[in-house]
Every structure is written in C-alpha cells, then in structure tokens.
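Every chain is numbered from 1 and lettered A, B, ... according to where its sequence line falls, protein lines coming before strand lines.
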Number of protein chains: 2
Amino acid sequence: MNQEHSGSGDPAKSLELLWRRRPAPTRGPKPALTVDGIVTAALKVADADGLVAMSMRRVADELGVGAMTLYRYFPGKGELLDVMLDTVYGELPRRVVPGDWRAALDEVARENRELYLRHPWLLQVAISRPPLGPNVMAKYEWELTAVEGIGLTDLEMDATVSLVNGYVHGAVRTAVEARQVIQRSGMTDKEWWLAHVPHLDQIGDLEKFPLSSRVGTAVGNEFDAPYDAEHAFEYGLERLLDGVSALVGNRTAPEG
Amino acid sequence: MNQEHSGSGDPAKSLELLWRRRPAPTRGPKPALTVDGIVTAALKVADADGLVAMSMRRVADELGVGAMTLYRYFPGKGELLDVMLDTVYGELPRRVVPGDWRAALDEVARENRELYLRHPWLLQVAISRPPLGPNVMAKYEWELTAVEGIGLTDLEMDATVSLVNGYVHGAVRTAVEARQVIQRSGMTDKEWWLAHVPHLDQIGDLEKFPLSSRVGTAVGNEFDAPYDAEHAFEYGLERLLDGVSALVGNRTAPEG
DNA sequence: GCTATTCTTCGTACAGTGTACGCAGTTGAC
DNA sequence: GTCAACTGCGTACACTGTACGAAGAATAGC
C-alpha cells in the first residue's frame, strides 16, 4: 500500500454513479464528456503508468479538458476510483465450475490473479468498504457460489472466500513489486545481490546466519533470483486449498 | 500499497547506515544529530500518524532542525525508511519453539502480526529487496529455524516462510484498513451499511444476489460488521497450517 | 596563531498533488 | 426575451522530495 481511498461522500451520489442512474439534465450546455469516457481514460493512465501517475490533471489532459472539468462528473478522485474498480471487476469471466469446490476455488483464485496482473493499481486500492456497484456485487456472489453446498456454515463460506482473495492479493502484490523493482532499479535480483555481497563480506557477520546462507543459496541456484512468482503462487495456493480441504473433509464425514 | 520504496543508492552507503559503520569525521563542526536520533523521531511520527505524515519536513520539525539537515545523515527518504524497517524488526522477541514446527510457525505468525499492528506503516513498505541490516537478517534466520529439520527441501522451507509472512501481511492489512476507515469516516461498518441499504433497495437488483444476501446477513448478525479481524486471522492461520501439515505429513511418512 | 580544508546547517526553488471558489458563457423553460 | 440551470475551467493554497549553493564552524598542518 500507499492506500488510495474510496469516496467518502454520500452513498446516494456514489451509487448513482456506480449504477449509472444519474438523471440527464434538461437545461444548460450539453456535457462534453461522459462518465464512461472519463473512466476509460483514467483506466488507460492507471494501467499504463500506475496509480501514482493517475492524477486528475493527467486524466483531464488525456481527454483534452481542464482538470476541474472532471469535478462536474465526479465529486472527487475517490469516487472515480470506485467506478474504475467496479468497471474492471466486470472483466472477470466468472466461470462457474459445478460439483467440484476445489476446482471452483482454484478458478476464483486464478481469475482474480489475472485481473490483478492486468491492473496492478488494484493492489493499491483499499476495499474494506467496497463500492457497491453491479460488478463488485456479482463478483462476491460468484465467489460464494464456489463454496456453496459443501457443508460449510455461512460464516465459514465468507471466511474462506476472504482467505482466498487475501492470498491472491498478497501473492500478486509480491510478484508485482518484484517486477517493478527490476524496472525501477534497472538491475536484476542477481545483480542486486552481487552488488551487496562484497560489502556484506566486509561486515563479516554472515556466519551468524547459517540457515539463511544455505537456503538463500539453494533458492538463488534454482531461480537465479531470491523469488520466483509462479512457483510461489502455485505452492501457496496448493497449501491453502489443502487446508480448506481438511475442514471440508471433517465436515462431510460423520461427526465423532 | 501506495508503495514507498527503499533507497536505490549504492549498497555501500546503505549497508554502512544499517550496520552503523560510518567512520566519524575528524574535521568540521560536530554534528547536532545522530542516525539513531533521526530514526527514533521518524518512528514516532510514522507510528502516530502513518507514513503519509512522515515527511522529511515533519521529522526535521520534530528534531528542531531544517528539513535539509536530514540529508547530511541519509542520502534520501528511502534510506531512512530502510533503517526504520531494520530497527523495528529488532523488536521481534524471536522466541524459538523447539521440536514442534506447527507451534513454531504459529509463533512466527503471531510475532509478525503484533509487529504490524504496532507499526501499521510497515504494511506500506515494499520489501521485495529488503534492506540487508542485522535485524532483517536475524528475522529470516529465525523464521527458517521454525521449519528446519522437518523433512522439507530448502526451496520448500523458503516458500513456507514466505507464505506465512504473506498471509500475516494480508490479514493485518485488511484489519488495519477496516480500523482506519472507521476513524476516517466516523462511521461504524453497520452505520455505513445502513446508509446504503435504502438506496440499494431503490435500485432493486438485490434479488439477483441471493447468496450474498444470505451470507452477508449471517456475517452481519454474528459480528455486527461485515468483517471481524480476530476471527479472520485465526480461521485463515488454521487453514494455512493445516495445508502445510498435509505436506509435512506426506514427507515424513514413508514414500509409496 | 594563521590558513586551508572539510564539514555543518539550512533558505530557496521547482515541479508536482487534490480540490475550493468563482467567473464566463451556453442552453432550454417559461 | 428573460432567467435559472448548467458547463468548462483559471487561479489559488498548502503540501511533497530534494538539488543547489551560501554562510559559518571546527580542525590539520604549518
């Protein structure tokens, strides 16, 4: 995170925007822009250069208008982010895998992962109170479908879906960070490590960390880097679903 | 994230700062500040008001000096963050639980959780290339100790430790976001929900989301909020360790 | 003690940020 | 034709990290 926040304005205005229920004005000049047009431009900027680059001025430039013009369409930047979020959630295929909760949860994880990879700025948006737009709500409904009817309580269903979502968020965040730091520094992980080793040797406390040295070397040899995103994602997801499996298995088995 | 980054400067300078190996200058005026003093002031600001508030000017104010003075001690804000990170990692008790990998990993998770809760700004610091200070290295060594000698490969040891760390990061991030949004909005989750319901009813598509309605209601009744941090953390950690258990169990059992 | 060198503190400046305020011009309702 | 409603947007404010260079302090070498 540096977290970016949702709009804190009144729910009526936010929901009006999310569900496109704004009544068209009868008088005054015809608006030059549309909500969808602004969101498209903002998504273009955010996808290309990240949330940091997505300033109101930059989005306005993209549309050939002044910065303050955007405030005729959105109460503030927070509300624009809300609509951007709901919009990209609409990209989820939301494929349903019936009869196999593990495959269904796997699908949920992978679709979410693809979405984060396509829109890495999503990782920086705080969603503890998600914008209640059509696609946000459809996403939650779809995720619950994956764990419906397998013997979990409603609370456990919610907790499981949250757990998978949290896992994917963390895994992709780590992967994206790793990718971005290579870009920003112009250095691969190996180069970075090799630049540090001589100075660390000089400090000379390395023998106090025998496990780190052994494991670090093994990881470096395997991946040419201290971190491999693909491997980490698969490993973690398997552990996680195994953990859920232990719970589901207990639940469907007769109680002792 | 809005991610804050580490210092990208040369490793020599960074390691010198992290390990406090800067040679004391012989000539010139006596420095008015120390590295530790600046870090303490910066931690005070970050703990109290978050990373957003921790500007160079604010830290300098805290110390009664001009903003540019700090640049005599640190090449830039990134390096200051690096030393802050290594410093708070030093707060970990690093208790070792011998002979029981599950209890040991549980301890790792809980100590990390406490650290994040005490210093929520840690959640916003990108650590894909961690500052190689004494406490960062000791932390990794301690975490590996928890899974040493239980039949995992070196790669699996690293992946397991990363998985637990990633899980804790995500769980605390969600919890902290939830706490902060209450502060910022001056609204409890229940109040927020009740403010939205009438407008959602008016939009009238709620019957398209039956699972969400049922599960959401159950969660709301149980916790008076759509999210309970304590419950989510315990539930997720148990699933995670169960998943690791499945792997360790396979490994220690004789191979087919 | 004198001077040259090194090291300190820090004021100013620059290009950015979100958005409050208010003005000028355009459109449709009456 | 008049007025209210509406649009676009210029300006301003308080912030950010930090490059640059000036002014002064402490010491090494003589």
Side-chain angles (χ1 to χ4, degrees), chain A residues 2-9 13 16 22-35 37-38 41-42 45-46 49-84 121 124-126 184, chain B residues 2-9 13 16 22-35 37-38 41-42 45-46 49-82 84 121 124-125 184:
Chain A
N2 274 15
Q3 230 66 296
E4 298 274 343
H5 316 298
S6 292
S8 54
K13 204 95 183 110
E16 208 174 71
R22 189 149 66 143
T26 57
R27 301 213 237 177
K30 292 278 168 255
L33 307 176
T34 63
V35 165
I38 296 171
V45 173
D49 299 326
L51 259 204
V52 184
M54 201 213 81
S55 64
M56 296 303 264
R57 283 171 181 81
R58 174 81 189 277
V59 174
D61 278 357
E62 204 77 26
L63 293 161
V65 301
M68 291 313 293
T69 299
L70 303 184
Y71 288 87
R72 290 280 155 207
Y73 299 83
F74 293 89
K77 197 187 184 185
E79 283 79 3
L80 173 52
L81 262 174
D82 282 349
V83 181
M84 288 170 67
W121 52 269
Q124 280 156 264
V125 182
R184 205 171 41 241
Chain B
N2 275 11
Q3 231 67 299
E4 297 275 343
H5 316 299
S6 291
S8 55
K13 204 92 184 115
E16 209 174 69
R22 188 149 67 145
T26 57
R27 300 214 238 179
K30 293 279 169 256
L33 307 175
T34 62
V35 165
I38 296 171
V45 174
D49 298 327
L51 259 203
V52 184
M54 202 213 81
S55 65
M56 297 301 262
R57 283 171 180 83
R58 173 80 189 277
V59 174
D61 277 357
E62 204 78 24
L63 293 162
V65 301
M68 291 313 293
T69 300
L70 303 183
Y71 288 88
R72 286 285 139 198
Y73 299 84
F74 294 89
K77 196 187 184 184
E79 283 80 5
L80 173 52
L81 262 173
D82 282 350
M84 288 169 67
W121 52 269
Q124 280 156 265
V125 182
R184 204 170 44 239

### Spacing of A:Trp121 atom CH2 and A:Leu81 atom CG [to the nearest 0.5 Å]
7.0 Å

### Query
So how far is it from B:Met84 CE to B:Glu79 CD, rounded to the nearest 0.5 Å?
13.5 Å

### Task
Given side-chain contact (heavy atoms from CB on, under 4.5 Å), test B:Met56 with B:Leu80 step by step and report yes or no.
CA-CA 10 Å; B:Met56 297 301 262; B:Leu80 173 52; 4.3 Å; yes

### Whole-Å distance separating the CG atom of A:Leu63 from the P atom of D:dG8
11 Å

### Task
For B:Phe74, report the nucleic acid contact type (base, sugar-phosphate, nothing); a contact means any heavy atom under 4.0 Å.
nothing

### Task
Do nucleotides 13-22 of chain D as a string where each nucleotide becomes B, S or -: B if the base has a protein heavy atom under 4.0 Å, S if just the sugar-phosphate does, - if no protein is that close.
---BBBBB--

### Query
In residues 24-32 of chain B, which residues come under 4.0 Å of DNA chain D by heavy atom?
B:Thr26, B:Arg27, B:Gly28, B:Pro29, B:Lys30

### Query
CD1 of B:Ile38 versus P of C:dT8: gap in Å, rounded?
11 Å

### Query
Residues two or more places apart in sequence or in another chain: which of them pass side chain to side chain donor-acceptor pair (under 3.5 Å) with B:Arg184?
A:His5

## Note on the structure
Taken to the nearest whole Å, CG/A:Asp61 to C1'/D:dG8 is 15 Å

### Message
For the CE atom of B:Met68 and the CZ atom of B:Arg57, what is their distance to the nearest 0.5 Å?
### Response
9.0 Å

### side-chain contact (heavy atoms from CB on, under 4.5 Å) assessment of A:Leu63 paired with A:Leu70
CA-CA 10 Å; A:Leu63 293 161; A:Leu70 303 184; 4.2 Å; yes

### Query
Are the side chain of A:Tyr73 and the backbone of A:Ile38 linked by a donor-acceptor contact shorter than 3.5 Å?
no

